[in-house]
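Side-chain atoms are counted along with the backbone in the values below, which use heavy atoms only and exclude waters and symmetry mates. Below, chains carry the letters A, B, ... as their sequence lines are ordered, and counting in each starts from 1.
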Amino acid sequence: MNPLSSQIASIVGTSYLIDDLADYPAYAVQGRIPILVVAPGSVEELAHVVAAAHAAGMAVIPRGGGTMQAWGRPPAGDFMIVQTTRLSRVRIYEPDDLTISVEAGMTMQDLDALLAVHGQMLPLDVPLPARSTIGGVLSTAMDGPRRLGYGTSRDLLIGVQVVEATGRSSKAGGMVVKNVSGFDMMKLYTGSLGSLAIIVSANFKLLPRPRAAATIACTFNTPADAFALVAAIHASQLTPVAVEYLQKDEGGRMKDEASMSAVISLIPHPSSFILCVRAEGLPAAVERHIRDVAEMAERAGSSRMSVLRDEDHMAVWAAINDLPQTFSVADDELLLRLGCLPSDLERALADASALASRQGIALAVAARALSGIAYLRVRGGDEGLRHQFHADLLARWPQLAILAGPPALMAEAPIWGASVPNLALMQRIKQEFDPDNRLNPGRYVV
Amino acid sequence: MDRTNLVEELRRIVGPRGVVDDPHALMTYDADGCVMDTGIPQVVVLPTSTAQVSGVVRLAARYGLPVVPRGAGTGLTGGATAMFGGIVISTARMDKVLEVDTRNGRVLCQPGVINFDLSQQLKPYGYQFAPDPSSQKACTVGGNIANNSGGPHCLKYGITASHVYGVELVLGDGTVLWSGDGSPAGPGYDLTGVIVGSEGTIGLVTAVWLKITRLPEAVRVVLALFPDIAGASTAVSQVIASGLLPSALEMMDRLVIKAVNDMYKLGLPDSAGAALLIEVDGVEDGLDDLLNDVTAMCWRNGAIDVRPARTLAEQNQVWAARKNAFGAMGRLSPTYYLVDTVVPRTRLPYTMEQVGRISREYDLPIANVFHAGDGNLHPIILFDRRAKGQNQRALEAATSVMHVSIEQGGVISGEHGIGVEKQEYMTLLFSTDDLAAMAGLHQSFDPQDVFNPGKIFPKGRGCGELAALRKAGVAWATLK
Ligand SMILES: Cc1cc2nc3c(=O)[nH]c(=O)nc-3n(C[C@H](O)[C@H](O)[C@H](O)COP(=O)(O)OP(=O)(O)OC[C@H]3O[C@@H](n4cnc5c(N)ncnc54)[C@H](O)[C@@H]3O)c2cc1C
């Protein structure tokens, strides 16, 4: 053991430290092997570990369930992994307050199970909830279809504790649903991809689980018809909690695309273009949504409309939520995220489809139709064609991120989009919080 | 400093009508809604464009003067007060709504647009700007953004932070940035998120893309009357716990009822010790069931009457009474001190009991009108500034409320902010390390401390000092 390893072993105990990584390829980050992996058992241990790494000049990559380590550039230089999964305790949960404080290593699924007992939820809908942790979800700011109805982690996070690059710990916010005591540091850490501090615990505002819920799945012959329904819903006073546009690969080239098949298999008479509308709330209100959306769908030219309830309803959304996962991505695959104004989404997706079919590569889409976010899965063709697809689409739609792809591409391509506005200010922030560039160095925009 | 030259140069930037330098006129800018803290600026400037603001900020830097952004001056913590003099930049003339884009659910406007006017302008499109502070007829969206303001409907729709897509910000060196435009998932840190709520201490917001919200199809309002505030508070906590989601749950106590009863001809009985304003909204279907469930809960907690506001006129009347309740305080006392704290919602009944105790202990009447559904209390301490010792007692009573709130797991401000009024209380809630992280964020935006210096952070531990200590890696434990 080198001195840093032994120092860290003395903090966490040898059983929570791996420094012979030959046996653990799963800990590689985009093909690069860490010097060591350490799993602290408490916030205090984690802080000591980070302080030791800082003193030794070692870079740190925080890791939760590892489901989104594909994001960002490959790490530059030597690094150690600080795994948060042992930090999985509930700190404060008074169900009647509709708030909770939990440690960052808890998985979304465990949290959901706990909240379900009390008829509550944190509707973030991230992929692979059995593995993805609170910390990972916050640092990627990964969204879910129900952002339309309930917002994203940005709207639901009310307090946070972090360990900074030097091992110093600080907190912000609180356990109340409204709070302007001091700067909103929650916003700073959310979506910072672990480049400013390691999130060790988080407080959330919760929601009651709805009394009733249903899915209206509408299939279409053309994207234009599907988007006509999107526009009609937007113009109405209905309040669906999710409106998800799905497009499967037309040529049937994406045969082993498990997640999309899982969605499709749950929808009677699927076609290539599907709109899934999720309604939640009072029983009468849900029925009203079913009636109105069905009528609008017919007017928009839907070829088929079906209503899913209970298990089918839950299963279809679990499958939809998983569509943008970056945990198992094939060698010939890219996962892209396109952001645009909602009114431009139809055009952006038409561009993507046209490019894909011209280049003969497979494309599957899951889009938050009213929020202007689309996740594109691109497969097949040769590497050059896929990269060309990305470059061509980026030329038209500058907010195009590569969330997962081969390490060489992740290292070279403009993975965060055509440009990063306000980069100088972001660099100043990074400089303030992590002047020695120890946290996820090189992986995010700065 | 050569004031004549300064004024001359300012006039060249904003035109003769955009500069206030008459000493008497400047007096009217000596405070915001918090009259306990005052400071008179050297000069007040009223620009009309971003370029003008940028020009003024550059000039201020050259003269080494602080810049204090000011909207309508309704803030309650001294946020818009020039505590150290300097240049006040008022957004009063930047009051244009520039573009309504319903297809993308957003509106582009200048910061001086009045909150209420914005929603009025959006109404014909079937939209509203959801954050609705009680001061909405006067306060500006720039002030709302700076303070991350709340309002009765934030219970369902969320605070200002959830309704801002991006802002145009003038920084201390006069440079201008845009933090977003309503298309999601821009790369990098959430600058919009940290600018909202920064109380005008890191830059001046000169334009903004706000999220707009579709007006609900149907709205129901009822007023539930209780013999006392304890029963009403318990009803609130139960409604929240049961998972019913009203769009507003607002409380008024006996003193407030007395003050607004005559003014708004509400005809409420003297026996009412508390009134709970309940609103539900959404699609028509199921709304009555929801309302029935909520009112049933009120009856179970000892309500003495539940009065529906049937017509729109009746609804407006009830809301007007609630929103103008602070104004009605003048009927009860010559001066009042409004405290803004938050507690977890199950702690509301106990906390309200403690507010009653504090009132007795300091021998000052306390009226209560507040956002009960959020656990956000607003004890209004009634006192007479001229009476001997009352000023001091009012301050002590307010401090007691803050201590009780923190003890109950709450915080020192829910929506009014810290400003100068609460800066010394920040250490009750935050450690030096916590404050240093905030200072680090502040320094990344405004390293020269140009904007609104000497606010938010405790006086003894200025922002620059905190950030410097942090950089130097001083042993933190020893400082605490
Ligand atoms: C009767 C009454 C009722 C109230 N009710 C509520 C309520 O229900 N909810 C609530 O949250 N608040 C309430 N308030 C407090 C206050 O109205 C809000 O904080 C409001 O948002 C302030 O807006 P303003 O335009 O008056 O800002 P000002 O008071 O002028 O300024 C407030 C802060 O914002 C900064 N600022 C203003 N404009 C800009 C800009 N363009 N760029 C950067 N910084 C800027 C100032 O420097 C200052 O720090 C109430 C106040 C009163 C008097």
Side-chain angles (χ1 to χ4, degrees), chain A residues 94-99 119 151 154-155 164 166 168-172 174-185 187-188 190-192 208-209 237-239 281-285 287-288 337 339-343 371-373 399 401 416-417 420-423 425-426 428-429 432-433 445, chain B residues 103-104 147-148 150 154 158-159 161-162 177 182-191 193-194 196-198 214 216-217 237 240-241 243 245 282-283 285-286 289-290 342-346 374-376 409-415 417-418 426 429-430 433-434 437-438 440-441 443-444 473 476:
Chain A
E94 182 73 61
D96 285 357
D97 282 329
L98 268 94
T99 55
R154 184 182 194 274
D155 305 291
E164 298 175 28
T166 53
R168 183 189 302 134
S169 140
S170 60
K171 66 174 186 315
M175 280 299 284
V176 289
V177 298
K178 229 170 134 187
N179 186 357
V180 292
S181 316
F183 284 82
D184 193 342
M185 306 302 285
K187 300 283 193 296
L188 182 65
T190 303
S192 65
R209 276 181 133 79
Q237 282 168 309
L238 296 180
T239 53
L282 301 162
E287 295 312 309
R288 161 76 185 283
R337 181 182 62 199
C340 62
L341 288 171
S343 64
S371 310
I373 292 246
Q399 275 193 42
W416 300 113
V420 178
N422 307 314
L423 191 58
L425 176 55
M426 290 181 192
R428 287 205 295 276
I429 295 176
E432 278 290 340
F433 282 78
V445 295
Chain B
R103 288 205 343 159
N104 292 302
N147 284 353
N148 191 7
C154 293
I159 44 179
S162 292
L177 67 85
S183 50
Y189 304 132
D190 181 359
L191 301 182
V194 298
V196 175
S198 59
R214 196 80 171 83
E217 180 178 279
S237 295
I240 297 297
L245 270 185
V283 293
D285 311 59
D289 305 341
L290 175 61
V342 196
V343 295
R345 294 169 284 194
T346 51
D374 288 317
N376 185 188
V411 298
I412 57 175
S413 180
E415 53 178 26
I418 302 301
M426 285 288 274
L429 214 51
F430 296 113
D433 288 351
D434 303 339
M438 294 179 194
L441 174 62
Q443 293 302 94
S444 345
W476 293 87

*asked:* Would Ser162(B) and Asp155(A) count as a side chain to side chain donor-acceptor pair (under 3.5 Å) here? Give the steps.
replied: CA-CA 6 Å; Ser162(B) 292; Asp155(A) 305 291; 2.6 Å; yes
*asked:* So, using salt bridge (Lys or Arg N to Asp or Glu O under 4.0 Å) as the criterion, who are the partners of Asp434(B) when residues are at least two apart?
replied: Lys171(A)
*What part of Ala401(A) is in contact with chain B, defined as an atom under 4.5 angstrom from a non-hydrogen atom: side chain, backbone, both or neither?*
neither
*Is it the side chain or the backbone of Met426(B) that comes within 4.5 Å of chain A heavy atoms, both, or neither?*
side chain
*Side-chain heavy atoms of Phe433(A) within contact of Leu441(B), under 4.5 Å*: yes
*asked:* What part of Val180(A) gets within 4.5 angstrom of chain B, counting heavy atoms only: side chain, backbone, both, or neither?
replied: both
*Please confirm whether the backbone N or O of Ala161(B) pairs with a side-chain atom of Arg154(A), one donor and one acceptor, at under 3.5 Å?*
yes
*Approximate separation, where rounding is to 0.5 Å, of Ile429(A) CD1 and Gln443(B) CD*: 12.5 Å
*Between Asp374(B) and chain A, which part of the residue has a heavy atom less than 4.5 Å away: side chain, backbone, both or neither?*
both
*Please look at Met185(A) and chain B and tell me whether the side chain, the backbone, both or neither of the residue comes under 4.5 angstrom of a heavy atom of that chain.*
side chain
*Gap separating the CG atom of Asp96(A) from the CD1 atom of Ile240(B), nearest 0.5 angstrom*: 10.5 Å
*Which distance, rounded to the nearest 0.5 Å, do you find between the CZ of Phe183(A) and the CZ of Phe430(B)?*
11.5 Å
_Contact leader toward chain A among Val196(B), Leu191(B), Leu290(B), Val343(B), where contacts are heavy-atom pairs under 4.5 Å_ = Leu191(B)
*Under a 4.5 Å heavy-atom cut-off, does chain B meet the side chain of Pro342(A), its backbone, both or neither?*
both
*With distance as the sole test, does Ser181(A) use its side chain to make a donor-acceptor pair with the main-chain N or O of Ser413(B) at under 3.5 Å?*
yes
_Atom pair CG/CD of Leu238(A) and Glu217(B) - distance to nearest 0.5 Å_ = 7.5 Å
*Residue part contacting chain B, namely of Thr166(A), when any heavy atom lies under 4.5 Å*: neither
*Leu423(A), part contacting chain B, at a heavy-atom distance under 4.5 Å*: neither
*Can you tell me how far the SG atom of Cys154(B) sits from the NZ atom of Lys178(A), to the nearest 0.5 Å?*
6.0 Å
*Nearest 0.5 Å please: distance from the CG atom of Leu188(A) over to the OG atom of Ser444(B).*
8.0 Å
_Side-chain donor/acceptor of Asn179(A) to backbone N/O of Gly414(B), under 3.5 Å_ = no
_Heavy-atom contact with chain A under 4.5 Å, split by part of Arg103(B)_ = both
*Side chain, backbone, both or neither: which part of Glu164(A) has a non-hydrogen atom closer than 4.5 Å to chain B?*
side chain
*Under 4.5 Å between any side-chain heavy atoms of Pro208(A) and Leu245(B), yes or no?*
yes
*Indicate yes or no: at least one non-hydrogen side-chain atom of Asp433(B) is less than 4.5 angstrom from one of Ser169(A).*
no
_Just so I understand: if I count every heavy-atom pair under 4.5 Å between each of Ser343(A), Gly174(A), Gly372(A) and chain B, which residue has the most?_
Ser343(A)
_Just so I understand: if I count every heavy-atom pair under 4.5 Å between each of Gly191(A), Gly182(A), Ala172(A), Gly417(A) and chain B, which residue has the most?_
Gly182(A)
_Glu94(A) with Arg345(B): basic N within carboxylate O range, under 4.0 Å_ = no
_Tell me if a side-chain donor or acceptor on Asp97(A) pairs with a main-chain N or O of Thr346(B) at a distance below 3.5 Å._
yes
